[in-house]
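Following: one structure in structure tokens, then a few remarks.
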Amino acid sequence: MTSNVNIGLTNVGPETHPLTWRYTKAGKAVVEIKEYEAMEGYAALKKAVTMQPTDIQAQVKAANLRGRGGAGFPTGVKWSLIPMGADAGQKYLVCNADEMEPGTFKDRMLMEELPHQMVESMVLAAYAIGATKGYIFLRGEYVLAGERLNAAIDQAKAAGYIGENILGSGFNFELHVHLGAGRYICGEETALINCLEGRRANPRTKPPFPQQAGAWGRPTIVNNVETLMNVPAILLRGADWFKGLSQGKSTDSGTKMYGISGKAKITGLWELPIGTSCRELLYTLGGGMADGLGLMCWLPGGASTDFLMDEHLDLPMDFDTIAKAGSRMGTALITVIDDKQNILSVVRNLEQFFSRESCGWCTPCRDGLPWTVKLMESIEAGEGQEGDIETLHQLTRFLGPGKTFCAHAPGAMEPLQSALKFFPEEFKKGIVQKGIKA
Amino acid sequence: MLTANSSQTIATDRGAPFVLTASERESIEHAMHHYADPRAATIDALKIVQANHRWVPDGAITAIADVLGVSAADVEGVATFYNRIYRKPVGRHVIAVCDSTSCFLMGFDQLYGALQQKLAISPGQTTPDDRFTLLPIVCLGACDKAPVLMINDTTHFNVTAENIDSLLEQYK
Amino acid sequence: MATIHVDGKTYEVDGSNNLLEACLTLGLDIPYFCWHPALGSVGACRQCAVKQFADENDTRGRLVMSCMTPANDKTFIAIKDEEAKSFRKSVVEWLMTNHPHDCPVCAEGGHCHLQDMTVMTGHNTRRYRFTKRTHINQDLGPFVNHEMNRCIACYRCVRYYDDYAGGKDFGVFGSRDNVYFGRPEEGDLESEFSGNLTEVCPTGVFTDKTHADHYTRKWDMQFAPSVCQNCSVGCNTSPGERYGEIRRVENRYNGSVNHYFLCDRGRFGYGFVNRKDRPIAPRLAASNQTFTIDSALDKAAELLRGAKRVVGIGSPRASLETNFALADLVGKGNFSYGVAADEQALNSLVHKVLSQGNVTTPSLRDIEKSDAVLVLGEDITQTAPRIALAVRQSAKTIALAMAAEKKIPEWNAEPIKNIVQSQKSPVFIASVDATRLDDIAAATSRASAADIARLGFAVAHIIDANSPAVDGLNSADAERAQTIANGLLAAEKPLVISGTGLKSQAVIQAAANIAYALKTRNKNVGIALTLLESNSLGTALLDTQGGESVEAILTAVRDGKADVLVIVENDLYQRAPAKLVDAALKAAKVVLVLDHQTTATSEHASLLLPASSFAEGDGTLVNMEGRAQRFFQVFDAAYYNPANLIREGWRWLHALKATLDNKGVDWSRLDDVTAQLASSSVSLASIGAAAPGAKMRIHGLKIARESSRYSGRTSMRANLSVHEPRASQDQDSALSYSMEGASGPTNDSQLIPFAWAPGWNSPQAWNKFQVEVGGQVRAGDLGVRLIEAAASAQYFTQVPASVSVLQSAPLYHLYGSDEQSARAEVVATRVPSRYVAVSTSDALKLALTDGQNAEVSVGDTHFVAPVKISAELAVGVIGIPVLAGLPKVLSGLTVSLRGSV
Ligand SMILES: Cc1cc2nc3c(=O)[nH]c(=O)nc-3n(C[C@H](O)[C@H](O)[C@H](O)COP(=O)(O)O)c2cc1C
Ligand code: SF4
Ligand code: FES
């Protein structure tokens, strides 16, 4: 009942697979602290507490670790924005483990199979930013991950990795798993903070950014599970090593959890050098599309990314390249849409998701998305009217970046705008001239 | 129910007085200590009550508000925001079927249709024998094993219209 | 200051604002919904989008929300940009996808911000063809109607009700396009300020329920600048009239006083004006004969002529002019301004503290800026509610300071809230019973009036050892005093609030001492003292010319030392023991009553003259701050009904005096009276400046009381005559009874009868009348402050002793303790029934149970009332509510009570 990771490369070890090597090596989840410790577990933390927090920040910055939550913001830069020093007061570290982006299933696996690695990453990152309290904001549906994380926290506490004066460093850290109660928007970092505070998960105004005023108004760092879980290895092996992991496939550093869902022969999750192409992923590791099916288009990294086509298969999957191709790498877990699907239905399904998951705070998102859904349903049913496509186009523009309160609606518009671009004829087919059904 | 077309509701009357059990109260107070402000335990508290009652009865809103020292309006605001807090009674088992992209591509429609037919209820409804409530849910983070659904706290993978019978049998 | 560039033009603006505020201040229109000048920006509605450019060379630009963008120096924006215009139009289109298009049947129509913004953005064709979401509404009580389908989810209501007004029973529920604004369960809105929802909500979700059963469109109502008559705060109001009835009261913006908000008593307590039992013609009791004005005056003169001695009782709810005219008629030594001796002493004490003390009393707006507040004794939510709302804002001054540290501007509402969380600037409350401000209090203490005073004296003594010490203070109180003193001393702008409500001079004196002491520590301290009625302080100012108490006058009449009693706008049964009133009324040869209400007293009138309420007359009131404010006649009652002979009290009284003296009338206009008033008293010398005189004109025009769309004029009197008469003429003010004249922002005067500007029909139009958004009215806020603090002050030295026997304290109710508003039918539904409050431990001692009838003796009055056991009431205090039918008591009287069988 746990996720399984498909390993694409033969030589799996800490040097090549900083995220998943322990799991592969053990052949199962590494949930006991002894087992974890036997595999370099908490070694990075032991090293970290001998270092200056700002030096750790510098190393993460030098490694050019970019956020794996979808936006790719450089983690070291984010950390360096948090006030340091004796008078900085209470600070928080929050791990974004609210994974709900459709097509994304990497954080679940990482936490279920490697809970101690998550815990060590938290303590380490907290030390680096001077946070004495941390929360793993876990979506409520990840029951197993919750159990394993809590068990790991208890073990880590008993072993002195969490609590007062950790490893004699004078550093204190308290860690809790905070369970969500649903709603995709909680993944947006400021909505997440509101949820953590026991409020409605409406996103917050930025600026101030969480680093300045986050949880309970205090400086807060929010990072994705995968982002944080890279940090121990960076500390142990250094920034240059991490940069080299991409094997020249990308200017981005490290490995990335890639995945496939949809009607491919093999679906699953792989830790690969960042910059691996979709073709390699889908056709080498995924075995191509299921029998009898062709590829119509694909989502590079979740529901909130623009569709890409065949012609994009060879692009290295990294933040900048995919952005240049008109989409976003997002979570880098691709969803393949086979050629037997009706693209209108797929888009309608996507928009239904976003519409239902809107928090209801800003007008374009709250009221624009349901309209989008209704237009899509109408067109899908062949009842679209003249002007509907123009209205959809207008919605994609006006629900775009900067125009809504947060990135939820712009995310929703990405699949729609790209579908309108790549499949205009499909949309036209759904339009009844002058609203009279043919 | 105040909203005519929704599954999220807020109550029009509070019904019988609700009292938190000692253990519920204790769990809530324990959760409060995890945060800088008791308010943060609102979701925990709602879940604690829900774990015992399957849903959050009307009176629990005020009871929780009192323990946390926040207003009932705030607690209700939170309770009705999150889709995993039920403000209407649900059956013994809640079936949450993922309707997001990958599951959709892998046959969600058929699965959902089959479930509705088998249970003879529409989404949001509970079977007359109080056994099952059927709801949609966002991506459950197991897209490689789609279609996926969750019954209570357990996720089931690769569920198809064909294998739902044996699955539902496990839930009495 | 900052230079910004808007649509190619250059402007100088205050750089601390956001672009929306800056542009509105410049007179440039940008549509908006979620922003409100008193609530700040949250960027939710996205209506206020403009195009911002990086610099003058940037031609692409990007859309930004003007409410969320600081008006920094060298900002380049375009409001008229095509993309911005089209986006703004789309925002309304989205909002309309769920809005019911029910303007014709919506109470908001015609003063609806949503309508205005829809027109402004040019959204005029519906493309959305699908179903709309619908909601079920709640019964929110007698004041506010709920129609959720009209909601555009701007979140203003919840931000106002919860964040601004501290409400606990209102919230936002649900999510996505199914958000619901209301109570967690159906029932009366608990906030004393719920009515502001009707103005805060930009559409018709929350509307005035009291308006509904005599509904009139805004454009069909006649308005005048008015002042609330229901307490001593003096909030400015804009009452709307049609067919001789007040249909609705809305907030009238005054940047120094109430700015955007009223309390519910002020907004919904107007019904006494519309009562059918109001006297409208002079009536002689003996013959039940009615009179014309002239014959009534002759009759009154005849009754007065043979008098041995004429005495007069005025009223603290009547205008200065009316009280003055009465004093003028009856002469010095024969006049009372209408309160009992104890209350008169309290009112004089307040006047003394404000004028002979060296601490300035803040305007209501200034109260909001205090960074530490002590409320000593007074239950301000019940007696001066709008002050309580201001104190709530003062508790947020710490938030502004914390935000400033993080460079977050004051208008950026959500981050400020997130940063401050539950921290508050200190508010200390000492009261006899629980108050509705306790939730924001840093510390509360419950004690008897004497002990509250002792606590206050002790605080003062800690702050300045030269102020008198308190002997035998218990250690708990000593500790409390220290906490309060520390809190006040830590502040830059501390404020002490007290009032006459507790009817204890010692409490007011203690409050004064604290303020004086803080002054010696060079604090920018303020003192605010509330009084009980709309003109209590005004009449106290008249009192400097001498005046008797109600009891003194009544005793004189009873004892045959006076035989003619003139009573003006006062029900004496509310002022003095019934026995004394009965005896005096019986002994008097003539009882001449002028009132706009039928009261127990007016029933005894030999001759009753119909006086005007605020709605049919002009006059001046002095609020608790010493601000003289003029209210103006809203409508001419005789226009609809020539038999209606209502006149201002001062007009009747002066004409009567002229008749008696066989002289012509000197005061034909209000300005004549105020001029006379000003010359009569040093303290009232500047009274003329309270409002512009009758001669004021705007570009040669009077100011219109009616909107230019006012309809039905030609037919509204058709039941009397099909010939439309000339509009009534107003000699007393620069206002006209018609739609002719200046209206809207071109009316650059202080006299603004109603909020309207071209394209702005809702109360949001106020922004068009201000120097800057949320600031002063352009011509200056209406009213003139009459009292200045003195250079030095003397401490009060009489520290009361602690009392150990059961003692009285008056308890106030927003609805019921004010006699006038309680006459409004809708308010009457909220008046509690009589009771006597006993603390839990005293109830135990006295073997009293909740609800049981008790026989109560206070001094020499006795009554029976059901016991209400109050957990928060100070031990040893018996709370006697100020409600009709119960005796009005001082604090500290010995009480005995026992359960009756
Ligand atoms: C609508 C929305 C949903 C999001 N959901 C998630 C999520 O589930 N998990 C996540 O890590 N980040 C999510 N993000 C991104 C976060 O806001 C944030 O950028 C991220 O947690 C930062 O971590 P990183 O820098 O380590 O990537 C979401 C963003 C948006 C706008
Ligand atoms: S009820 Fe009115 S104020 Fe509240 S969100 Fe809706 S439109 Fe805005
Ligand atoms: S007024 Fe600016 S976003 Fe609402």
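A note on names: the letters A, B, ... follow the listed sequences, proteins ahead of strands, and every chain is numbered from 1.
- Neither the backbone nor the side chain of L333(A) has a heavy atom closer than 4.5 Å to any heavy atom of chain B.
- There is no contact between A264(A) and chain B, counting heavy-atom distances below 4.5 Å.
- Under a 3.5 Å cut-off, the side chain of D144(B) and the backbone N or O of L269(A) do not form any donor-acceptor pair.
- Looking at C195(A) and Y82(B), their side chains come closer than 4.5 Å, going by heavy atoms from C-beta outward.
- For the residue pair T155(B) and E141(A), the shortest heavy atom distance occurs at OG1-O, 4.5 Å.
- In this structure, the portion of V143(A) lying under 4.5 Å from any heavy atom of chain B is its side chain and not its backbone.
- The part of R139(A) that comes within reach of chain B is its side chain, from C-beta onward, which places non-hydrogen atoms under 4.5 angstrom from that chain.
- With a 4.5 angstrom heavy-atom cutoff, L350(A) touches chain B only via side-chain atoms.
- Between F105(A) atom CZ and S102(B) atom OG the span is 7.0 Å, to the nearest 0.5 Å.
- Contacts between D153(B) and chain A at a heavy-atom distance below 4.5 Å involve backbone atoms as well as side-chain atoms.
- Heavy atoms of E101(A) lying under 4.5 Å from chain B belong exclusively to its backbone.
- The backbone N or O of G141(B) sits less than 3.5 Å from a side-chain atom of R108(A), completing a donor-acceptor pair.
- Interface remark: A41(B) contributes no atoms to any contact with chain A (heavy atom separation under 4.5 Å).
- In this structure, L140(B) CG and Y142(A) OH are separated by 7.5 Å, a value rounded to the nearest 0.5 Å.
- Neither the backbone nor the side chain of K106(A) comes within less than 4.5 Å of any heavy atom of chain B.
- In this structure, a donor-acceptor pair under 3.5 Å is present between the side chains of Y35(B) and H178(A).
- Proximity to chain A involves both the backbone and the side chain of I137(B), based on heavy atoms less than 4.5 angstrom apart.
- Going from atom CE of M106(B) over to atom NZ of K263(A) covers 6.0 Å, rounded to the nearest 0.5 Å.
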